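Taking it in order: structure first as structure tokens, then the write-up.
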Amino acid sequence: MSEIGQLRERRIVVLISGSGTNLQALIDAQNTPALPNAKVCLVISNRKAAFGLTRALQANPPIPTAYLGLQPYLKANPGKTRQDYDREIARLVVSQNPDLVVLAGWMHIMSEAFLDILGGEQTLEGIQPVERPIPVINLHPALPGAFDGANAIERAYEAFQKGEIEKSGVMVHRVIKEVDRGQPLMVKEVEMIRGEPLTAFEERLHKAEWDIIVKATAKALDELATGRQ
């Protein structure tokens with residue numbers, strides 16, 4: 001890691017949609033040897049009742065939060081589109097001047113509009129253009145190339161019951177315009193056990209997520225510091 005990367009506090013924006021257990025793993029790890037010189041500076045949710053927002057407010061010190069739901073946004077802004085919504089999410093992100101964006105259970109596929117703004121290819125009125133691209137990474141509960149998109153855990157479990165697969169896992173990958181197809185940053189296999197109920201498999205998979213999301217976030221930040229992003 002470079003001297004700058006060691007000394008300067010690295011800023012992370014986390015996007016969530018649910019209970020926020022992966023967010024909690026990042027909160028617990030920030031400014032520890034697992035995730036040094038790092039701060040979650042904003043948590044954004046697209047669901048108002050997401051418990052992850054409460055986790056952020058209960059952190060010490062409390063982490064600022066923001067809520068913006070797609071359907072309420074479209075209803076309040078006739079004529080606006082999903083791309084306009086993604087631009088507003090990008091506005092919230094860019095305003096924090098983060099080093100990294102982590103999608104931790106964010107149940108909304110980001111359009112090109114979001115990625116173009118964070119990549120510096122588009123600008124937003126009233127917001128300074130990004131000085132350098134802001135990388136985005138995403139946690140996905142499947143192995144690379146397997147079970148892209150929603151309900152990956154249930155689909156993997158069903159495939160195992162049918163004898164179609166022998167293993168599953170979790171990955172953190174870079175976010176590109178193709179869903180769940182960005183370069184894997186870190187991958188962790190999770191054993192599948194005959195006769196195990198889905199709930200038990202889910203619990204073991206989530207524990208793997210809590211581990212890998214911290215390690216991959218640290219890796220992404222360190223690669224930024226050394227110019228390997």
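Predicted model only: the values in this text are computed from it and were never measured.
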Query raised in the report: For the atom pair CZ (R87) and CG (L124), what is the distance rounded to the nearest 0.5 Å?
Result: 8.0 Å
Requested in this report: Identify the heavy atoms of V13 and L15 that sit nearest to each other, and give their distance.
Outcome: CG1-CD1, 3.7 Å
Query raised in the report: Can L57 be reached from L68 by stepping across I, L, V, M, F, W or Y side chains whose heavy atoms are under 4.5 Å apart?
Result: no
Side-chain donor/acceptor pairs under 3.5 Å, residues 38-48, sequence neighbours excluded:
| residue | atom | partner | partner atom | Å |
| --- | --- | --- | --- | --- |
| S45 | OG | R47 | N | 2.9 |
| S45 | OG | R47 | O | 2.7 |
| N46 | OD1 | S17 | OG | 2.6 |

Report task. List for me each residue that meets ring pair (Phe, Tyr, Trp, His ring centres under 6.0 Å) alongside F114, sequence neighbours excluded, and say none if there are none. Result -> none
Report task. With sequence neighbours excluded, give me every ring pair (Phe, Tyr, Trp, His ring centres under 6.0 Å) pair touching residues 27-66. Result -> none
Requested in this report: Check whether any side-chain N or O of R82 sits under 3.5 Å from a backbone N or O of L70 as a donor-acceptor pair, and report yes or no.
Outcome: no
Query - Q83 side, atom CD; M110 side, atom CE - distance, nearest 0.5 Å - result: 10.5 Å
Report summary line: Output for pair (I27 CD1, I12 CD1), nearest 0.5 Å, gives 10.5 Å
**Report entry** Crowding at CD, E131 (>12 non-hydrogen neighbours, <6.0 Å)
**Finding:** no
Query raised in the report: To the nearest 0.5 Å, what is the distance between OG (S168) and CD (E191)?
Result: 12.0 Å
Requested in this report: Using distance alone, with no hydrogens and no angle criterion, decide if E209 and H206 have a side-chain donor and acceptor under 3.5 Å apart.
Outcome: yes
Query raised in the report: Can you find a heavy atom in the side chain of F160 that is under 4.5 Å from one in the side chain of R194?
Result: yes
Query raised in the report: Is the CD atom of Q161 crowded by more than 12 outside heavy atoms at less than 6.0 Å?
Result: yes
Query - Pair listing, ring pair (Phe, Tyr, Trp, His ring centres under 6.0 Å) test, anchored in residues 56-94, at least two apart - result: Y73-Y85, Y85-H108
Query raised in the report: Do the side chains of L100 and E223 get nearer than 4.5 Å, heavy atoms only?
Result: no
**Report entry** Test item: V136 and V93 side chains (from C-beta on) under 4.5 Å apart, heavy atoms
**Finding:** no
Requested in this report: Kindly say whether H173 contributes a backbone atom to a donor-acceptor pair with the side chain of N138 at under 3.5 angstrom?
Outcome: no
Report task. Taking side chain to side chain contact (heavy atoms under 4.5 Å, CB included) as the test, write out the residues that go with V130, two or more places apart. Result -> V94, I134
Query raised in the report: So do L35 and L221 actually touch side chain to side chain, heavy atoms under 4.5 Å?
Result: yes
Query raised in the report: Is there a side chain to side chain contact (heavy atoms under 4.5 Å, CB included) between K162 and E158 once you walk through the steps?
Result: CA-CA 6 Å; K162 293 178 179 177; E158 183 179 346; 3.1 Å; yes
Query raised in the report: What is the minimum heavy-atom distance between P135 and R174, and which atoms define it?
Result: CB-NH1, 4.3 Å
Query raised in the report: Would you say I16 and W106 make side-chain contact, with heavy atoms under 4.5 Å?
Result: no
Requested in this report: Determine whether E202 and E154 make a side-chain contact, defined as any pair of heavy atoms from C-beta on separated by less than 4.5 Å.
Outcome: yes
Requested in this report: Give the C-alpha distance, both sets of side-chain angles, the deciding distance and a yes or no for side chain to side chain contact (heavy atoms under 4.5 Å, CB included) between D99 and R132.
Outcome: CA-CA 9 Å; D99 296 281; R132 66 176 182 178; 3.7 Å; yes
Query raised in the report: Below 4.0 angstrom, N of the basic side chain to O of the carboxylate: do R91 and D84 qualify?
Result: no
Query raised in the report: Just wondering, do I165 and L143 contact through their side chains at under 4.5 Å, heavy atoms?
Result: no
Query - Interatomic spacing from CG in L185 to CD1 in I137 - rounded to 0.5 Å - result: 6.0 Å
Requested in this report: Kindly indicate whether the side chain of L224, heavy atoms from C-beta on, has any atom under 4.5 Å from the side chain of R10.
Outcome: no
**Report entry** Verdict with reasoning, Q30 to I63, per side chain to side chain contact (heavy atoms under 4.5 Å, CB included)
**Finding:** CA-CA 12 Å; Q30 63 182 349; I63 299 167; 4.3 Å; yes
Query - Separation between CG of D86 and CD of E112, rounded to the nearest 0.5 Å - result: 10.5 Å
Requested in this report: Indicate if M171 and W210 have the same hydrophobic cluster label, given that clusters are the connected sets of ILVMFWY residues with side-chain heavy-atom separations under 4.5 angstrom.
Outcome: no
Requested in this report: List in chain and number order the residues that pass side chain to side chain contact (heavy atoms under 4.5 Å, CB included) with E196, two or more places apart in sequence or in another chain; answer none if no residue qualifies.
Outcome: I193, A200, F201, R204
